[in-house]
Amino acid sequence: MQQKIDNLAINAIRVLSAEAVQAANSGHPGLPMGAAPMAFELWANHMNHNPKDPNWINRDRFILSAGHGSTLVYSLLHLFGYGLTTEDLSQFRQWDSLTPGHPEHGHTTGVEATTGPLGAGFTAAIGMAMAEANLAAKFSTEKFKPIDHNIYTIVGDGCLMEGITSEAASLAGTLKLGKVIALYDSNNITIEGSTDIAFTEDVEARFKAYGWQVLEVADGNDTVAIGKAIETAKANIEQPTLIIVSTLIGFGCPGKQGKASAHGEPLGTDHLAATKENLEWPCEEPFEVPDEVYARYNEAVSKNIANYDSWTEQYEAYKQENPELAAELASWLKGSVEASKLDLDDLLSFDDKPAATRNLSSATIQKLCKAVPNMFGGAADLAPSTKTYMNGKGDFSKDDYSGMNLHFGVRELAMSGIANGISLYGAHKTFVATFFVFSDYMKPMMRLAALMKQPVTYVLTHDSIGVGEDGPTHQPIEQLSMLRSMPNFVTFRPADGKETAAGWYYAITSKETPTALVLTRQNLPSYANTGMEALKGAYILSDSEKSVPDIILMASGSEVSCVMDAADTLRKEGVDARVVSMPSMELFDGQSDEYKESVLPAACRKRVSIEAGSTMSWYRYVGLDGVAIGIDTYGASGPFSVVFEKYGITADSVVDTARKLMNK
């Protein structure tokens with residue numbers, strides 16, 4: 001009798017998913033129909049979660065990495081009582097619905113991560129597991145572990161083809177992240193047909209080589225075998241686990257199951273009717289579910305609430321016995337840094353010696369990690385070069401999960417995806433670091449951070465042709481324009497120590513916006529008038545005599561020295577020049593019209609910008625009559641001072657350009 005009810009409950013997932021896709025006339029019914037048994041078994045019998053408290057700190061996390069199968073998670077959220085209604089399911093993929101085409105974090109209660117780019121969800125799960133391991137190491141006592149749970153993800157063939165999954169799986173195996181359990185919906189079908197056309201590797205052998213435990217379930221409908229595999233995975237805390245579940249895409253649809261046509265298109269009304277008949281579905285109306293099915297799901301929820309209540313009781317005792325530890329945990333779980341905790345005088349304190357902004361960033365990091373104990377980050381094998389190692393904070397490793405310095409290896413894409421998972425977990429202020437040019441590897445996951453409103457910090461050093469001898473492969477040109485083009489993303493390129501500190505202040509206190517700190521390898525001078533004014537994005541660093549200057553010179557980062565020197569030369573020639581430092585275009589654009597006019601008055605049409613990169617970003621500030629000096633080609637190899645001179649990124653270039661403008 002129980003198996004009969006469970007089969008009906010599983011078929012409810014299949015039917016609801018297929019009906020939602022049919023209602024939208026768009027979507028992917030195949031994965032939800034094939035993966036329904038493993039999803040039901042996991043959510044009903046093994047996963048700790050509570051729809052009454054969806055943000056419970058010790059809940060098991062679930063991420064549908066194969067996000068195109070979103071109706072699977074929407075059906076689960078409806079049936080388990082997370083607030084999604086059948087009306088919401090019927091509005092799948094419609095404007096402003098709670099059931100968008102791919103799962104979106106922050107939009108639908110119960111969705112832990114935005115997924116769609118294949119492999120991104122799997123990688124976020126690795127990040128969540130790192131966050132869980134760190135918190136467990138920090139806050140557990142002999143009597144109670146307030147943080148002790150698993151991270152589950154369902155992946156598909158496409159996820160495992162993506163390179164990001166290989167990067168993340170390799171690191172997870174190295175770190176022995178035993179709380180990660182990935183269920184692989186192995187249906188051997190992609191959009192173009194059988195996976196044999198492009199994917200014939202031995203996945204089991206690959207993951208074993210990464211250090212994972214690999215289990216196999218031959219029949220994707222065998223919930224008993226799936227359940228045993230999940231329990232075996234939970235028992236192995238020394239290895240992450242991949243459970244390979246052989247499924248039939250579009251299971252239950254006689255005319256489409258096992259075919260590529262079941263992947264990414266509606267079944268069609270006739271096939272949907274045939275599916276219901278084949279599955280012996282008892283309801284005729286769309287989105288109708290039998291009462292006994294809801295009762296079965298309510299039974300599973302009740303069991304989970306009992307587990308939740310037991311944990312809550314123990315947590316209260318933990319807080320009574322460990323008040324300081326519990327208070328610190330609560331502070332971490334706020335997920336944000338209050339500005340009042342930061343000593344601005346100390347943060348802005350630097351000597352006047354020329355220094356690279358990567359070194360000035362390092363000095364700032366050392367100050368911040370003392371004030372912000374939940375700073376958790378590292379580099380893609382470049383900490384000595386990016387200067388991002390936190391002194392005295394230990395190394396996160398398989399032997400010590402309490403360390404706060406992360407070592408990602410040469411895995412920039414996975415690093416940025418893992419950072420998303422850490423941030424989504426909600427207890428850490430995370431940062432990652434590499435050379436600026438390799439932001440190209442990171443861009444897809446940086447975009448997801450911006451989309452999910454996750455305030456990840458990216459420390460991107462070696463920011464221009466100042467890399468010199470390393471040549472064009474390592475010299476960023478178009479990357480500044482790329483990052484500046486992203487919505488809900490702040491790019492901050494500071495000119496000296498105080499601007500660097502201001503950039504870090506913004507990044508560490510940001511609640512919803514990721515930040516890129518773009519830093520130099522070469523030394524830069526310091527300036528008397530820099531500081532927190534940089535948080536306005538652009539400000540007057542050296543002013544003119546007149547309210548409307550003869551000319552405005554503007555720059556970011558290392559090129560601020562060019563406009564400062566050029567202004568001195570021009571003033572000696574009787575030209576009233578204003579110097580504007582513009583570390584962040586996004587922050588400047590967010591200021592009031594009055595402030596922007598005070599910095600860049602419309603009456604002054606003679607303007608020159610200079611930046612060691614693409615000129616694209618600057619035209620809206622120099623206007624039709626101004627000139628943007630930059631580099632719209634690739635760099636070259638040579639000593640950095642020579643490369644700057646050859647490309648005209650000099651004070652002399654600014655002076656010559658300004659003279660021509662003044663003579664027009």
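Numbers for residues simply follow the sequence, beginning at 1.
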Next item on the list: Look at the rings of Phe122 and Phe207 and say which category their plane angle falls in: under 30° parallel, 30 to 60° tilted, over 60° perpendicular.
Entry: perpendicular

Note to self: Would you compute the distance between atom CG of Asn187 and atom CD of Gln257 and round it to the nearest 0.5 angstrom?
What the structure shows: 12.0 Å

Checklist line | Atom pair CG (Leu483) and OG1 (Thr515), whose distance is rounded to the nearest 0.5 Å | finding: 11.5 Å

Notebook entry, point to check: Do the side chain of Asn134 and the main chain of Tyr401 share a donor and acceptor less than 3.5 angstrom apart?
Noted result: yes

Check: Do Thr115 and Ile63 come close enough that some side-chain heavy atom pair is under 4.5 Å?
Finding: yes

Note to self: Is it true that, when you exclude Lys234 itself, more than 12 heavy atoms of the residues, nucleotides or ligands shown sit nearer than 6.0 Å to its NZ?
What the structure shows: yes

Check: Looking only at atom types and distance, does a side-chain atom of Ser439 sit under 3.5 Å from a main-chain N or O of Met442, one as donor and one as acceptor?
Finding: no

Notebook entry, point to check: Quick check: are there more than 12 heavy atoms from other residues, nucleotides or ligands sitting under 6.0 Å from CD of Glu284?
Noted result: no

Next item on the list: Taking only Lys NZ, Arg NE, NH1 and NH2, and the carboxylate oxygens of Asp or Glu, determine whether Glu231 and Lys228 approach each other closer than 4.0 Å.
Entry: no

Notebook entry, point to check: Does the side chain of Tyr294 come under 3.5 Å of the side chain of His78 through a donor N or O and an acceptor N or O?
Noted result: yes

Margin query: Other residues, nucleotides and ligands only: do more than 12 of their heavy atoms fall within 6.0 Å of NZ on Lys145?
Written below: no

Item checked: Pair Asn488-Thr513, side-chain donor/acceptor within less than 3.5 Å -> yes

Note to self: For the NE2 atom of His149 and the CH2 atom of Trp56, what is their distance to the nearest 0.5 Å?
What the structure shows: 9.0 Å

Next item on the list: Kindly assign one of parallel, tilted or perpendicular to the pair His68 and His263, based on the angle between their ring planes and the thresholds 30° and 60°.
Entry: tilted

Item checked: Donor-acceptor pair between Asp88 and Thr99 side chains, under 3.5 angstrom -> no

Checklist line | Any donor-acceptor pair under 3.5 Å from Asp60 side chain to Asn150 backbone | finding: yes

Checklist line | Minimal non-hydrogen separation, Arg14 against Pro32, with atom names | finding: CG-O, 4.4 Å

Margin query: Quick one, Leu76 and Tyr74 - any side-chain contact, counting heavy atoms below 4.5 Å?
Written below: no

Margin query: If only side-chain N and O atoms count, and only distance matters, is there a donor-acceptor pair under 3.5 Å linking Tyr82 with His49?
Written below: yes

Checklist line | Distance, nearest 0.5 Å, that separates CG of Leu31 from CD1 of Ile154 | finding: 7.0 Å

Next item on the list: Rounded to the nearest 0.5 Å, what's the gap from CG on Leu451 to OG1 on Thr114? Could you check?
Entry: 5.0 Å

Notebook entry, point to check: Which word best sums up how the rings of Trp311 and Phe144 line up, parallel for under 30°, tilted for 30 to 60°, or perpendicular for over 60°?
Noted result: tilted

Check: Does Arg484 make a cation-pi contact with Phe489, if we ask for NZ or CZ under 6.0 Å from the ring centre and within 45° of the axis?
Finding: no

Item checked: Minimum side-chain heavy-atom gap Val73-Phe62 below 4.5 Å -> yes

Margin query: Using every non-hydrogen atom in the two residues, find where Ile189 and Gly258 come nearest and quote the distance to one decimal.
Written below: CD1-O, 3.6 Å

Next item on the list: Kindly check if the number of other-residue, nucleotide or ligand heavy atoms within 6.0 Å of CG (Asp202) is above 12?
Entry: yes

Next item on the list: Could you go through the side-chain contact (heavy atoms from CB on, under 4.5 Å) check for Leu89 and Glu19 one step at a time?
Entry: CA-CA 8 Å; Leu89 297 180; Glu19 286 181 330; over 6 Å; no

Margin query: Quick one about Asn50 and Asn304 (side-chain donor to acceptor, distance below 3.5 Å, no hydrogens or angles considered), yes or no?
Written below: no

Item checked: Residue pair Pro290 / Cys283, side-chain heavy-atom distance below 4.5 Å -> yes

Margin query: With a 6.0 Å cut-off (strictly less than), is the heavy-atom count around CD of Glu277, excluding the residue itself, greater than 12?
Written below: no

Checklist line | salt_bridge(Asp53, Arg59) N-O dist < 4.0 Å | finding: no

Next item on the list: Mind listing the closest non-hydrogen atom pair of Ser70 and Pro103 along with its distance?
Entry: CB-CD, 3.6 Å

Notebook entry, point to check: Does Thr430 use its side chain to pair, donor to acceptor, with the backbone of Phe376 at less than 3.5 Å?
Noted result: yes

Notebook entry, point to check: Is the closest side-chain donor-acceptor distance between Glu41 and His46 under 3.5 Å?
Noted result: yes

Note to self: Regarding Arg206 and Ser166, do their side chains bring together a donor and an acceptor under 3.5 Å, going by distance alone?
What the structure shows: yes

Notebook entry, point to check: If you round to the nearest 0.5 Å, how far is OH of Tyr297 from CD of Glu292?
Noted result: 12.5 Å

Notebook entry, point to check: Which pair of heavy atoms, one from Ala233 and one from Leu215, lies closest together, and at what distance?
Noted result: N-CD1, 4.2 Å

Notebook entry, point to check: For Leu79 and Ile13, what are the C-alpha separation, side-chain angles and deciding distance, and is it a side-chain contact (heavy atoms from CB on, under 4.5 Å)?
Noted result: CA-CA 8 Å; Leu79 293 165; Ile13 298 171; 3.8 Å; yes

Next item on the list: May I ask you to check whether Asn236 and Gln239 show a side-chain donor-acceptor distance below 3.5 Å?
Entry: yes

Note to self: Counting only heavy atoms from other residues, nucleotides and ligands, does the tally under 6.0 Å from CZ of Arg447 exceed 12?
What the structure shows: no

Notebook entry, point to check: Would you call Lys4 and Glu280 a salt bridge, taking side-chain N to carboxylate O under 4.0 Å as the test?
Noted result: no

Check: For the residue pair Glu167 and Leu413, what are the closest heavy atoms and their distance?
Finding: OE1-N, 3.6 Å

Next item on the list: For the pair Lys443 and Glu412, find out whether any cationic side-chain nitrogen is under 4.0 Å from an anionic carboxylate oxygen.
Entry: no

Note to self: Quick one: does any side-chain atom of Tyr184 pair with a main-chain N or O of Ser246 as donor and acceptor, under 3.5 Å?
What the structure shows: no

Check: Taking the six-membered ring for Trp, is the centroid-to-centroid distance between Trp332 and Phe139 below 6.0 Å?
Finding: yes

Next item on the list: For the residue pair Ile422 and Leu406, establish whether any side-chain heavy-atom pair is separated by less than 4.5 Å.
Entry: yes

Margin query: Checking the side chain of Thr123 only, and the main-chain atoms of Ile418 only, is there a donor and an acceptor separated by less than 3.5 Å?
Written below: no

Notebook entry, point to check: Is the backbone N or O of Gly252 less than 3.5 Å from a side-chain atom of Asn278, with the two atoms forming a donor-acceptor pair by type?
Noted result: yes

Margin query: Does Lys259 have more than 12 heavy atoms from other residues, nucleotides or ligands lying within 6.0 Å of its NZ?
Written below: no

Next item on the list: I would like to know whether Val203 and Leu242 meet side-chain contact (heavy atoms from CB on, under 4.5 Å); could you show each step before the answer?
Entry: CA-CA 10 Å; Val203 172; Leu242 180 72; 3.9 Å; yes

Check: So, does Tyr152 use its side chain to make a donor-acceptor pair with the main chain of Leu64 at under 3.5 Å?
Finding: no

Item checked: Heavy-atom side-chain proximity of Thr457 to Pro514 below 4.5 angstrom -> no

Notebook entry, point to check: Could you go step by step and tell me if Lys303 and Glu299 meet the salt bridge (charged side-chain N to carboxylate O under 4.0 Å, His left out) rule?
Noted result: CA-CA 6 Å; Lys303 182 182 68 175; Glu299 175 191 330; over 6 Å; no

Checklist line | Exam field: side chain Ser423 to backbone Ala419, donor-acceptor pair closer than 3.5 Å | finding: no

Next item on the list: State, yes or no, whether a side-chain contact exists between Pro254 and Thr275 at a heavy-atom distance under 4.5 Å.
Entry: yes

Item checked: Heavy-atom closest pair, residues Val155 and Ser65 -> CG1-CB, 3.8 Å

Next item on the list: Compute whether any side-chain donor of one residue and acceptor of the other, for Thr241 and Gln213, lie under 3.5 angstrom apart.
Entry: yes

Checklist line | Heavy-atom check, side chain of Leu8 versus side chain of Pro282, under 4.5 Å | finding: yes

Note to self: So does Thr71 get a backbone contact from the side chain of Ser17, meaning a donor-acceptor N/O pair under 3.5 Å?
What the structure shows: yes

